[in-house]
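Predicted, not measured: the structure shown is a model, and the values here were computed from it. FYI, side chains are in, hydrogens and waters are out, and symmetry mates aren't considered; it's all heavy atoms of this structure. Index from 1, following the sequence. Counting starts at 1 for both ligands and their atoms, following the listed order.
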Amino acid sequence: MRTLIIYATKYGCTEKAAAILKSKMHGEVLLVNIAKEKAPDLEGYDNIILGGSIYKGKIQKALTQYIKAKLPLLLHKRVGLFICAGEPEPVRTRELECAFPKELYNHARVKEVFGYEICYEKLNIFDKFIMRTIKDITKSSADLSQEKIEKFAETICLP
Ligand SMILES: Cc1cc2nc3c(=O)[nH]c(=O)nc-3n(C[C@H](O)[C@H](O)[C@H](O)COP(=O)(O)O)c2cc1C
């Protein structure tokens, strides 16, 4: 079984989640950071997993553009979708739904919010300002669910 995980990240949480996901999967798994690398031809892959992180309610533009360009092909593949997002429920589930085109969301075998990481020291000056003034956040915090990532890997690999 061959799996392609295409992700976008700003501070590394989604990259970390994608790497954990890779470690839980069977067969060959290729990780592609879509903002930095070109994704290979989808034809050779059984599973296509797409993941991004949420900023002001949206996933990264590079991922959105890639999905838009490949949508007809993706709708013929076994697809998994995930996001990393810091908002609590029910907002994060709504963000997951809105992050991807409706038909892809409905087509996907598995979709999940894996959780989040905010490393306050790593944030750029604008993001620190947003966190401090809007969210009253001035410290690092994290809640990335190994359990959800494991379950996601199991479900997408089911025959
Ligand atoms: C400036 C800023 C804005 C954010 N906006 C949202 C948001 O609108 N909704 C949300 O659920 N999480 C939001 N987050 C939390 C991120 O989605 C979370 O930290 C995620 O793990 C980042 O992943 P990354 O390091 O892969 O980019 C925001 C974080 C920052 C720093």
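- In terms of polar-atom proximity, Met131 is not counted as a contact of ligand 1, lacking any N or O under 3.5 Å from an N or O of the ligand.
- Between Glu117 and ligand 1 there is a heavy-atom distance shorter than 4.0 Å.
- For Glu15, no nitrogen or oxygen atom sits less than 3.5 Å from a nitrogen or oxygen atom of ligand 1, counting backbone and side chain alike.
- Using a 4.5 Å cut-off on side-chain heavy atoms (C-beta onward), Leu21 and Phe152 make contact.
- The N/O atoms of Gly86, backbone and side chain alike, include one that comes under 3.5 Å of an N/O atom in ligand 1.
- Within the cation-pi definition used here (under 6.0 Å to the ring centroid, within 45° of the axis), Lys111 qualifies as a partner of Tyr105.
- Close approach of ligand 1 to Tyr11 is summarised as follows: ligand atoms under 4.0 Å from at least one heavy atom of the residue are 24 (P), 25 (O), 27 (O).
- Not one N or O of Tyr116 is nearer than 3.5 Å to an N or O of ligand 1, by distance alone.
- Between the side chain of Tyr11 and the main chain of Glu117, no donor-acceptor pair closer than 3.5 Å is present.
- If you check which protein heavy atom lies closest to atom 5 (N) of ligand 1, you get Lys56 N, 3.2 Å.
- Looking only at protein heavy atoms, the nearest one to atom 17 (O) of ligand 1 is Ile54 O, 2.6 Å.
- The backbone N or O of Val113 lies less than 3.5 Å from no partner atom in the side chain of Arg92, so there is not a single donor-acceptor pair.
- Near Thr9, meaning under 4.0 Å from any of its heavy atoms, are these atoms of ligand 1: 24 (P), 25 (O), 26 (O), 27 (O).
- Of all atoms in ligand 1, listed by their number and element, those nearer than 4.0 Å to a heavy atom of Ile118 are 19 (O).
- Applying the 4.0 Å criterion to heavy atoms of Cys84 picks out, from ligand 1, the atoms 17 (O), 21 (O).
- In the model, Tyr116 has a side-chain atom that pairs as donor or acceptor with a side-chain atom of Ser141 under 3.5 Å.
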